[in-house]
Q: 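Here you go, one structure.
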Amino acid sequence: MKVFVQIPCLNEEQTLPMVLDTIPKESPGVDSVEVLIIDDGSSDRTVEVAKEHGVTHFVRHARNMGLARSFRDGVDYALAHGADIVVNTDGDNQYKQERIADLVAPVVSGEADIAIADRQTKKIAHFSPFKKVMQQVGSQVVNIAAETERPTPPPASAPTPRPR
């Protein structure tokens, strides 16, 4: 089983090393973990930093296309390169990459088709009230799209498996 961890980046040369260093290199039931950088029009050394850290998979946008396009292009790339599971994180180190094995475990074991982590946005002090509301709306959209029913978030960073 091959896991691709896709990382959309826009000028993330400062935080990207921390992200890359905390991605697990292996996970139970997984044959390989590949890292994919989606460079969304960076003007800094994001790509060079990723290469210095051993990354070999890249999708590059000549200009900023936005997060949704980056995720879509990353998933397309990962699937075309044999991904069985695609994990989304971000180059600004706002997620706990250390928990990727926990997140993919229900998918690897066949208990779920999808797992969604919760980063507890209501507790992030520097998020504006508007951003917190938009995060909640986004979570509701994901629930609808994934056919899940999570009216309240699970404990911090716990995966939300979608039963088969």
Side-chain angles (χ1 to χ4, degrees), residues 1-12 15-42 46-47 49-51 53-62 64-121 134-135 137-150 153-154 156-164:
M1 184 162 291
K2 184 186 286 190
V3 172
F4 261 79
V5 178
Q6 68 171 12
I7 309 170
C9 295
L10 177 60
N11 298 326
E12 306 289 0
T15 53
L16 187 57
M18 292 178 283
V19 173
L20 294 171
D21 290 344
T22 56
I23 294 172
K25 308 298 184 250
E26 54 187 40
S27 181
V30 172
D31 300 314
S32 68
V33 176
E34 306 283 335
V35 175
L36 166 62
I37 298 295
I38 300 100
D39 175 30
D40 196 25
S42 295
T46 293
V47 171
V49 167
K51 288 179 180 177
H53 280 79
V55 177
T56 58
H57 298 281
F58 294 89
V59 170
R60 298 194 70 180
H61 295 160
N64 181 259
M65 303 296 286
L67 192 57
R69 174 71 181 266
S70 293
F71 278 150
R72 187 189 77 196
D73 290 350
V75 168
D76 289 346
Y77 179 98
L79 293 175
H81 289 81
D84 297 296
I85 298 173
V86 179
V87 174
N88 295 312
T89 191
D90 200 279
D92 64 4
N93 202 31
Q94 63 178 298
Y95 299 102
K96 294 182 181 204
Q97 288 74 227
E98 301 91 340
R99 300 293 306 270
I100 288 173
D102 297 329
L103 182 66
V104 302
V107 179
V108 171
S109 70
E111 296 172 50
D113 294 320
I114 185 172
I116 303 167
D118 177 16
R119 63 184 171 148
Q120 302 288 298
T121 54
M134 293 311 295
Q135 290 288 320
V137 169
S139 293
Q140 290 171 343
V141 169
V142 170
N143 271 331
I144 292 166
E147 298 177 0
T148 56
E149 295 179 20
R150 296 302 304 203
S157 298
T160 303
R162 177 180 170 211
R164 297 188 135 252

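Treat the numbers as computed from the prediction; the structure is a model and nothing was measured. Position 1 is the first residue of the sequence; numbering continues from there.
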Q: Check step by step if side chain to side chain contact (heavy atoms under 4.5 Å, CB included) holds for V108 and I85.
A: CA-CA 8 Å; V108 171; I85 298 173; 3.7 Å; yes
Q: Is any side-chain heavy atom of V87 less than 4.5 Å from a side-chain heavy atom of V3?
A: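 Heavy-atom side-chain distance check passes, below 4.5 Å.
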Q: Heavy atoms only: give me the nearest P17-V49 pair and the separation to one decimal.
A: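 Smallest heavy-atom distance, with atoms named: CG-CG1, 3.7 Å.
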Q: Do we see a donor-acceptor contact under 3.5 Å between the side chains of S42 and D39?
A: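 Per modelled atom types, S42 and D39 side chains form a pair under 3.5 Å.
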Q: Grab the two heavy atoms, one from L67 and one from P8, that are nearest each other, plus how far apart they are.
A: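 Looking at all heavy atoms of both residues, the shortest contact is CD1-CG, 3.6 Å.
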Q: How long is the straight-line distance from OH of Y95 back to CG of N88, given to the nearest 0.5 Å?
A: 8.0 Å
Q: I need the full list of side-chain hydrogen bond (donor to acceptor under 3.5 Å, both in side chains) pairs touching residues 23-36, with sequence neighbours left out, sorted by first then second residue.
A: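 Matches after skipping sequence neighbours: E34-H57.
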Q: Please give me the minimum heavy-atom distance between L16 and T46, naming the atom from each residue.
A: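 The pair with the smallest heavy-atom distance is CD2-O, 3.7 Å.
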Q: Would you check if V33 and V5 make a side-chain contact, meaning some heavy-atom pair closer than 4.5 Å?
A: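 Side-chain contact under 4.5 Å: yes.
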Q: So how far is it from H53 NE2 to I37 CD1, rounded to the nearest 0.5 Å?
A: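 The distance works out to 10.5 Å.
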Q: Would you please classify the geometry between the F4 ring and the H81 ring as parallel, tilted or perpendicular, with 30° and 60° separating the classes?
A: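 Rings of H81 and F4: tilted, 30 to 60°.
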Q: Minimum heavy-atom separation for G74 and L36, please, with both atom names.
A: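 Reported closest heavy-atom pair: O-CD2, 3.4 Å.
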Q: Excluding sequence neighbours, so at least two apart, what forms side-chain hydrogen bond (donor to acceptor under 3.5 Å, both in side chains) with T89?
A: Q97
Q: Would you name the heavy atoms of A101 and P28 that are closest together and state the gap between them?
A: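 Heavy atoms of A101 and P28 come nearest at CB-CD, 4.5 Å.
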Q: Can you tell me how far the CG atom of D84 sits from the CG atom of L79, to the nearest 0.5 Å?
A: 9.0 Å
Q: Which residue, V86, D90, V59, forms the side-chain contact (heavy atoms from CB on, under 4.5 Å) with Q6?
A: V86
Q: Less than 4.5 Å apart, side chain to side chain, heavy atoms only: is that true for D73 and H61?
A: yes
Q: Donor-acceptor pair, D40 side chain versus N64 backbone, under 3.5 Å?
A: no
Q: Could you measure the distance from the CG atom of L20 to the CD atom of E12? Nearest 0.5 Å is fine.
A: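 So the CG of L20 and the CD of E12 are separated by 11.0 Å.
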Q: Output all residues satisfying salt bridge (charged side-chain N to carboxylate O under 4.0 Å, His left out) with D92, sequence neighbours left out; order by chain, then residue number.
A: none
Q: Determine the minimum heavy-atom distance between V19 and G91, stating which atoms define it.
A: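 It is CG2-O, 3.8 Å.
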